[in-house]
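Numbers restart at 1 for each chain; the letters A, B, ... are given by sequence-line order, proteins then strands.
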There are 2 protein chains.
Amino acid sequence: MPTSELDPLLTSLADARRARRTVMSTSADRAARLLREQVVEGALTSGTRLPEVRLAEALGVSRNTLREALSQLVAERVLRREEHRGVVVATPSVDDVHDVYAARRIIEPAAVQHGVAHDPEHLDALELAVREGHAAAASHDWRGVASANQHFHRAVVGLAGSARLDAQMDLLLAEMRLFFNQMPDPEPFHTPYLDENAIIAAHLRSGRRAEAATRLASYLRTAEEQLALAFTTGGATRGR
Amino acid sequence: MPTSELDPLLTSLADARRARRTVMSTSADRAARLLREQVVEGALTSGTRLPEVRLAEALGVSRNTLREALSQLVAERVLRREEHRGVVVATPSVDDVHDVYAARRIIEPAAVQHGVAHDPEHLDALELAVREGHAAAASHDWRGVASANQHFHRAVVGLAGSARLDAQMDLLLAEMRLFFNQMPDPEPFHTPYLDENAIIAAHLRSGRRAEAATRLASYLRTAEEQLALAFTTGGATRGR
DNA sequence: CCGTAGGGATTGTTCAACAATCCTGCAATC
DNA sequence: GATTGCAGGATTGTTGAACAATCCCTACGG
């Protein structure tokens, strides 16, 4: 290939173009992103039905493109489609809690112990999430603590160095938000794990992977128990 | 609840109804399932564009419902959408190979070692896949060997006991099919791993999880190298 | 050889419609 | 009084046609 010098320029332009694309994107994608955001942020509590016509005009798109967005979100498990009854925000049960944690207990400790991307960049992301969590806790912002916690676990999976695994983890974390939004009193659930995160990050910074992995594993076990307990006893507000 | 005796009948009916729903399903879902099948079975080689009009009339659905199906499949990464250019069967690169294997190297050994569903049922599934592979090899059906291999690894992940992880693994295995379909000579790639599968299954039947996990880990490492090698030197037929 | 204008094809998106299905309320019945 | 039957309305599933925006290719001109 004789063309040599301008190659970097070409690729950078292609990148920019792709970036603008992802910013602009299509109407369906934009609608999907908005809806996903609303669901994950808890603005739409689980179980609420989403009528297509109202939703479409609220988003300023036609019903058909809205349905494309909905298909996308249903495939991501963020929404559930019940035939001829409409799409609803998923209403997870305690079984879903166990299923999600079964997956997390497999993925996260393994990423810590056998990940191939334990570079400074990812370790920085871990510690950044820890600091973010402490800051949010200082101002009694439990929602911020929850966000920071999720950022921490996303960073944990990032250590594996697989974009596909990262995407999968994002889906799992989105479902976690649904769990939280369904709990009666989510606040005390998050704070205890702040210190645990800090310890794990420190272990990893020093290269003590095994310790970090076992710590994370037991961490996840207790978190699962607590969450399941809150679901059964606390009478999580099931969909009517 | 005083109503007691007919409760089982009620639940069984509800189950049947749900089952029929998943069988019949909607047009969009059916189209999506057909397309996914075609892609995974290798009938549609990677890189081929899928024009909406022709595809729609081939499937006997309108363009709008087809687009719903396509949105679904794009969300599943089975297809890739390039704006204003159409959806194409994903054309994986070497980077994708490494990414997929990074995920598998995290998930599979961990499922073997720390899975919570090592019950007879799942172990039977493992051994069934082993036998299926040997049978296919006996009749020199390399495609059958590949299928059996995938069934084996799906069963491995099944040991984790997480439906979500299973679904994720199905996606990864579908991408593996794309890799194979792109290789010039896939036959000799699959057969060497038959014995390896048998050994791992035997280890697990005897409860020797650690041995099975390490064996599987090194297995995946060499498989990744071989596949990457075939991609770079073999001149995998990139999109025209 | 390089750029460029034009035309055809394909995608993104909307609108309007219709059948099928679901939900709600009310009347009729045992 | 609770259940059944039955309209009527609302919502979903699906279609067909249309149009602008964009891409791809080709032929033309410098």
Side-chain angles (χ1 to χ4, degrees), chain A residues 1-3 6 9-10 13-14 16-35 47-75 79-89 239-240, chain B residues 1-3 6 9-10 13-14 16-35 47-75 79-89 239-240:
Chain A
M1 293 172 191
T3 65
L6 72 167
L9 173 63
L10 260 50
L13 282 185
R17 173 165 114 155
R18 211 173 312 142
R20 183 161 131 255
R21 278 235 173 112
T22 58
V23 172
M24 301 278 299
S25 194
T26 79
S27 295
D29 282 347
R30 250 173 323 190
R33 195 165 24 190
L34 279 177
L35 281 178
T48 58
R49 297 189 43 189
L50 304 180
E52 297 183 354
V53 274
R54 253 179 294 169
L55 209 54
E57 64 191 27
L59 289 168
V61 301
S62 120
R63 197 159 78 93
N64 286 17
T65 56
L66 173 74
R67 280 177 68 87
E68 285 185 27
L70 293 181
S71 299
Q72 201 174 321
L73 293 174
V74 168
L79 301 180
R80 178 187 316 285
R81 166 165 276 146
E82 304 180 2
E83 260 178 62
H84 289 280
R85 304 225 265 128
V87 298
V88 301
V89 182
R240 62 182 215 85
Chain B
M1 293 174 191
T3 63
L6 72 167
L9 172 63
L10 260 49
L13 282 185
R17 172 166 117 156
R18 210 173 313 140
R20 182 161 133 255
R21 279 237 171 109
T22 59
V23 172
M24 301 278 298
S25 193
T26 79
S27 294
D29 281 347
R30 250 173 325 200
R33 196 166 20 189
L34 279 176
L35 281 177
T48 58
R49 296 189 42 190
L50 304 180
E52 296 183 353
V53 275
R54 253 178 296 169
L55 209 55
E57 64 190 29
L59 288 168
V61 301
S62 119
R63 198 159 80 92
N64 285 336
T65 57
L66 173 74
R67 280 178 67 86
E68 284 184 27
L70 292 182
S71 298
Q72 202 174 321
L73 293 174
V74 167
L79 301 179
R80 179 188 316 285
R81 165 164 277 146
E82 303 180 4
E83 262 179 57
H84 289 281
R85 303 224 263 127
V87 298
V88 301
V89 182
R240 66 175 218 87

query: Does OP1 or OP2 of dT10(C) have a side-chain N or O of Arg85(B) closer than 4.0 Å?
result: no
query: Got a donor-acceptor contact below 3.5 angstrom from the Arg30(B) side chain to the Leu59(B) backbone?
result: no
message: Which nucleotide wins on minimum distance to the side chain of Arg49(B), given the candidates dG13(D), dT14(C), dT10(C)?
response: dT10(C)
message: Applying side chain to side chain donor-acceptor pair (under 3.5 Å), can you list everything that pairs with Arg63(A), at least two apart in sequence or on another chain?
response: Glu52(A)
task: Measure from the side chain of Glu52(A), starting at C-beta and using heavy atoms only, and say which of dG13(D), dT10(C), dG12(C) lies closest.
output: dG13(D)
task: Answer yes or no: does atom CZ of Arg80(A) have more than 12 heavy-atom neighbours from other residues, nucleotides or ligands under 6.0 Å?
output: no
field: Close side-chain approach of Leu35(A) and Leu55(A), heavy atoms under 4.5 Å
entry: yes
task: Using whole Å, report how far CD of Glu82(A) lies from P of dT21(C).
output: 17 Å
query: If you pin Leu66(B) and Gly86(A) to their nearest nucleotides in DNA chain D, which one's is more 5'?
result: Gly86(A)
message: Heavy atoms only, 4.0 Å cut-off, all strands: where does Leu50(A) land among base, sugar-phosphate and nothing?
response: sugar-phosphate
query: Would you say Thr65(B) reaches dT15(D)'s phosphate, i.e. side-chain N/O to OP1/OP2 under 4.0 Å?
result: yes
query: What is the distance, rounded to the nearest whole Å, between atom CZ of Arg81(B) and atom C1' of dC23(D)?
result: 15 Å
Distance in angstrom units between Asp29(A) CG and dT13(C) C1', rounded: 13 Å
field: Side chain of His84(B) (C-beta onward), nearest among dT14(D), dG12(C), dT15(D)
entry: dG12(C)
Side-chain N or O of Arg63(A) closer than 4.0 Å to phosphate OP1/OP2 of dC15(C): no
- line: Which of Val53(A), Val61(A), Leu50(A) passes side chain to side chain contact (heavy atoms under 4.5 Å, CB included) with Leu66(A)? Answer is Val61(A)
task: For Asn64(B) and dA17(C), give me the distance from atom CG to atom P, rounded to whole Å.
output: 16 Å
task: Answer yes or no: does a side-chain N or O of Ser27(A) lie under 4.0 Å from OP1 or OP2 of dT13(C)?
output: yes
message: Distance check needed: dG12(C) P versus Glu83(B) CD, whole Å only.
response: 7 Å
message: Can you tell me which nucleotide in dG13(D), dG12(C), dT13(C) comes closest to the side chain of Arg30(A)?
response: dT13(C)
message: Could you tell me how far apart Leu70(B) (CG) and dT11(C) (P) are, to the nearest whole angstrom?
response: 9 Å
query: Nearest to the side chain of Glu68(B) - dT11(C), dC15(C), dT14(D)?
result: dT14(D)
